[in-house]
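Since we're looking at a predicted model, the values are computed, not measured. Just so we're on the same page: letters track the sequence lines, and every chain starts at 1.
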Protein chains: 2
Amino acid sequence: MSDSREQILEQIKEQGDLVRQLKGAKESKEKLAEPGGVRARSTIEKAQPQQQEQQNQHEPQQQQQIQEQQQQQAQINKIDEEVARLLALKAQLGGDAAPTSQKFTLKTPKGTRDYAPQQMTLRQGVLDKIVQVFKRHGGEAIDTPVFELKEVLTGKYGEDSKLIYDLKDQGGEILSMRYDLTVPLARYLAMNKISSIKRYHIAKVYRRDNPAMTRGRYREFYQCDFDIAGTYDPMLADAECVKIVAEILDTLEIGDYVIKLNHRQLLDGMFEACGVPAESFRAICSAVDKLDKSPWADVRKEMVTEKGLDEATAEMIGEYVRLSGGTELVEQLLADPKLKAVPNAVKGLEGMQLLLKYCSIFGLDKRVSFDLSLARGLDYYTGVIYEGVLKAEPSSRSPAKSPQQNGETAEQATVGSVAGGGRYDNLVGMFDTRGKAVPCVGVSIGVERIFAVLEARFAASKVKLRTNDVEAYVASAHKGLHEQRLRVLNQLWDAGIKAEHSYKLNPKLLVQLQHCEEHQIPLVVVLGDAELAQGLVKLREVTTRQETSVKLEDLPGEIRRRQQA
Amino acid sequence: MSDSREQILEQIKEQGDLVRQLKGAKESKEKLAEPGGVRARSTIEKAQPQQQEQQNQHEPQQQQQIQEQQQQQAQINKIDEEVARLLALKAQLGGDAAPTSQKFTLKTPKGTRDYAPQQMTLRQGVLDKIVQVFKRHGGEAIDTPVFELKEVLTGKYGEDSKLIYDLKDQGGEILSMRYDLTVPLARYLAMNKISSIKRYHIAKVYRRDNPAMTRGRYREFYQCDFDIAGTYDPMLADAECVKIVAEILDTLEIGDYVIKLNHRQLLDGMFEACGVPAESFRAICSAVDKLDKSPWADVRKEMVTEKGLDEATAEMIGEYVRLSGGTELVEQLLADPKLKAVPNAVKGLEGMQLLLKYCSIFGLDKRVSFDLSLARGLDYYTGVIYEGVLKAEPSSRSPAKSPQQNGETAEQATVGSVAGGGRYDNLVGMFDTRGKAVPCVGVSIGVERIFAVLEARFAASKVKLRTNDVEAYVASAHKGLHEQRLRVLNQLWDAGIKAEHSYKLNPKLLVQLQHCEEHQIPLVVVLGDAELAQGLVKLREVTTRQETSVKLEDLPGEIRRRQQA
């Protein structure tokens, strides 16, 4: 490298003036091109519709202006590239040249993170277990693009719509990043006229939230969704989704949990029974949803002062949302004079009764809790809703709190929601031109929080996860053996054995052995001229340091045998 | 549902005026908020810097204006949401109500696609095999966010920078979607001060290209990258990357291929020898890169008319880029009077000599071809470059073409690039504040084109891939058995067996058996009252239609045995 430095230096000297020239030109052009800049002002006023509509709808005059603007932009881009290229050329000097290209803080975007190999190993382990459960229930995988036409997402998320990431209008379609995997599924089903599927989808979703990253909340995060679409008999698919949540939380062994169950029809019926005006159902539902983070007093205040409920109604709701239990609670509520007068409430309660029965058959009696405070934020739910919540570990940060009896304060003893879902029978119909509905029920596993719990546990245990699967490391005992190493490696790779070596011609044996210890590689093949002359190599076990001589042609077989032992 | 319809209708009637009112208010507000709109004109002139710099750099006056603008936007969002909510409410009516919410074409964004279960099965199979090879070479996985700070991507892609997707400025950081996985890796290494790693990364990347989707080119597509970072001895890591390409293309069995090799130092040296001015090296390199799609005449024209090369120089380049071969070609060129006078050319050729030697040890003599027409588009390569290219199948669409001898026309007999990469020693240094370099070499597998080839093959073979892994379907022989089915299913799931059933209470037996045939499920557990009374079920093999009675408690074990047989 270093002898091409003079050449580069010379180039830079020659082109120094050019850079300054180009930069000057660029700056003055940028001024021109800025919205609100000297000349662009009039252009933009007329070119604006381009951002709202298709390109082919413009008048000739506007098109000309747009073309001019585009040409201008192309010129600026070209200058940008030229400057960047020259800066890169300058950066090639490395060492003694002052680095000028890197003026910004090196970070990932707010609310996102990289996954290092240790974290990836943990993550892949979790995702594999989840997929295993999804497949155990007959799930098929699908995938959709990371962004959708903006219109697909519009009007699906209620108050949360403001959290959607939009893409810049660079000409063409207006796009947004997916907010969840449910709306893309509904779009997929309507677009392909699919009326039944049992699909899973594991992918990242995007929300411009202000997340608490220490608790495993991010702006870019994985969701693992399983949904059953199709016109079926009540609660059979719904109960299976609850079973899936339980199987996943069991197999991940992340601690004790409860799956809260409720029903949107019951919530609506209960609101009706309490005297909430119909048009406020979703807003009040949204307030109830906050009960897992805020005390009742705050929620009550929101209902009365922000959402205009009278105090007596709020109090009545407060009485109901304190309740949680099992089938006995369903029966108690079916006998409740206020509720039994409201058809929606009765339907919801009958649904709960059937769901609890099926859950019982699935062995989930101790795992599920019918909980009237569960509301779920999203607008699109129409039936059963559920949420898997981790209970605080015995050694929780708030040991002062004793076990609680009633719904409201028991919330505070829980760590957080790690799974949630419900029935949404009308979402697919919103995409169908004839409004044809495809009833759906599904569940989404909040794996980021699960990762966070498991990462914390691993950090505490000081166990180091293996991040590679290398079975054998090929080492040189002395100098001049790198071609021999390549030959042995090639033999191992061709036999399907995971193997690596140092990329140095003459690495020290000690350094090579240390690499194996650090990376938990179990076997080392040590090459030396004396053994090689006899067609032999040494096979060394890293933990025991035992060495055996092995014939070169037997090496793959011997490594296989050791791996199976 | 239908009895809540009246209620909804009433709400809509009540709120009809409100919608009109809100829409009117929205439209007039949008006019105000448009850049170039009545009042925003002055606001934007001053608020513009927000898009270029951090938020905390604003003057108080500007901040106030920004706040006003944000409030205005918040109001518009609120109105949008309200309108959307009301439309959604209207859509809930379904059936007889005119659907008004769905006015746009239901599609995925341009250049993207959904993956249906069949395609996912194929894709997962390909990715699994690729990961297997990466792990065989000691690769560790990492992951990075789908978007980066825009500055991270700036100045890395030369002419292709215009293809980067930008996110809309919604306040906060300016972000762009990743264009490849290489620049994010370099950012990751510099940010975390990592000086050596062998990592793989499988993820989607984004390019606003005008892709030919039939040939497996998309705007959203998977890349599978393997890179070796670290300061090592020449060509050891480089040769392993070439070996990895060969192993992957072998294991995927997608047909005959060649891995073309070249060296950027040789290219630069060759340009120098031909008399290309140093500042035109990258531009001429970019022109040479088009040789795999365009004939020499077109490339020559680009060099002369667009890039200002004199004709004699272009002709000389033309002579060189026609050459391809093996070590004998390296020796021929090392003896070439023009080239041996240029240090860069000699270095490049010596590098090629060593690479070809290592490739030979790896058994790749018949797979690699030293090819002077290979240039690779991206700016950041500094050493070896390579590209895996599928050869046309014997039954290709252009049978008129006879086997070609020279480099130029042999290109036309190839189907397309499915892997590519090279050495980039300066990219990480561009991110390091002190310019500290981390030499890297890597390879990217173009899996979309591989998917396309395999999809076409499957479509032709008419083999239907299984998209689920269900081992046993639990069926009712007659009515009233749904709870029994749930009990048996629960027993199977708890034993880890993949099982499903109909979500209908009383499905017809024939329908259930047809489902198994269509979905290639091998076993059916048939429940009937008579057998259940004796603690028995029938186990039926779908292909042979053979039935055996099995004790209920032995069922999981018996299914396991059948699966292993």
Side-chain angles (χ1 to χ4, degrees), chain A residues 11 34-36 44-45 48 77 84 91-92 94 99 101-102 104 106 108-109 112 114-115 117 120 135-136 138 140-141 143-145 151 154-155 161-162 166-168 173 175 188 191 220 232-233 236-237 279 361-362 426 429-430 433 435 437 467-470 486-487 490 498 500 503-505, chain B residues 11 34-36 44-45 48 77 81 84 88 91-92 94 99 101-102 104 106 108-109 112 114-115 117 120 135-136 138 140-141 143-145 147 151 155 162 166-168 173 175 188 191 220 232-233 236-237 278 361-362 426 429-430 433 435 437 467-470 486 490 498 500 503-505:
Chain A
Q11 282 176 37
E34 267 175 27
I44 280 175
E45 265 175 72
Q48 192 59 22
N77 287 348
Q92 279 183 29
S101 60
Q102 213 305 81
F104 56 96
L106 215 49
T108 62
T112 69
D114 295 319
Y115 280 80
M120 281 298 280
K135 286 191 171 178
R136 194 183 300 149
E140 302 180 312
D143 194 20
T144 64
E151 303 136 310
T154 303
S161 299
K162 62 183 179 296
D166 293 328
L167 267 77
K168 189 170 157 185
E173 298 163 338
L175 307 176
Y188 173 83
M191 187 174 127
E220 173 187 60
Y232 298 123
D233 283 311
L236 286 169
E279 66 273 19
I361 295 178
F362 286 159
N426 300 326
M430 287 169 77
T433 36
T467 54
N468 70 76
D469 290 354
V470 175
L486 295 183
R487 263 180 214 106
N490 197 54
K498 302 182 192 82
E500 65 175 9
Y503 297 110
K504 303 258 189 190
L505 288 177
Chain B
Q11 282 178 37
E34 271 175 24
I44 280 176
E45 265 175 70
Q48 192 60 18
N77 288 348
E81 283 164 27
Q92 278 182 30
S101 59
Q102 212 309 78
F104 56 96
L106 216 48
T108 62
T112 69
D114 296 319
Y115 280 81
M120 282 298 281
K135 287 192 169 175
R136 193 182 302 149
E140 303 179 312
D143 194 20
T144 63
F147 38 59
E151 302 136 309
K162 61 183 182 294
D166 293 329
L167 267 76
K168 189 171 158 185
E173 298 162 337
L175 307 176
Y188 173 84
M191 187 176 127
E220 173 187 60
Y232 298 122
D233 283 312
L236 285 168
I361 294 178
F362 286 159
N426 301 325
M430 287 170 77
T433 38
T467 54
N468 71 77
D469 291 352
V470 175
L486 297 182
N490 198 52
K498 302 182 191 84
E500 65 175 9
Y503 298 110
K504 303 260 187 187
L505 289 178

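- Residues A:Leu106 and B:Thr433 form no side-chain contact, since every pair of their non-hydrogen atoms from C-beta on lies 4.5 Å or further apart.
- Across B:Lys168, B:Met191, B:Lys504, the residue that shares the most heavy-atom pairs under 4.5 angstrom with chain A is B:Lys168.
- Looking at A:Ile361, the atoms closer than 4.5 Å to chain B (heavy atoms on both sides) sit in the backbone and in the side chain alike.
- Contact of B:Ala437 with chain A is not made at all, since no heavy-atom distance falls under 4.5 Å.
- With a 4.5 Å cut-off on side-chain heavy atoms, B:Phe362 and A:Leu486 count as touching.
- Considering only heavy atoms from C-beta on, B:Thr144 stays 4.5 Å or farther from A:Thr112 through its side chain.
- Nearest heavy atom pair, residue B:Tyr188 against residue A:Tyr115, reads OH-O, 4.4 Å.
- Taking CD from B:Glu140 and OG1 from A:Thr467, the interatomic distance works out to 3.5 Å, rounded to the nearest 0.5 Å.
- Nearest heavy-atom pair across A:Gly138 and B:Asn468 is O-CB, 4.2 Å.
- Here CZ of B:Arg136 is found 8.0 Å from NZ of A:Lys498. Values are rounded to the nearest 0.5 Å.
- From A:Tyr503, atom OH reaches atom CG of B:Leu236 across 8.5 Å, with rounding to the nearest 0.5 Å.
- The parts of A:Glu151 that come within reach of chain B are both its backbone and its side chain, each placing non-hydrogen atoms under 4.5 angstrom from that chain.
- Remark: side-chain polar atoms of B:Asp469 are not paired, donor with acceptor, to backbone N or O of A:Lys135 under 3.5 angstrom.
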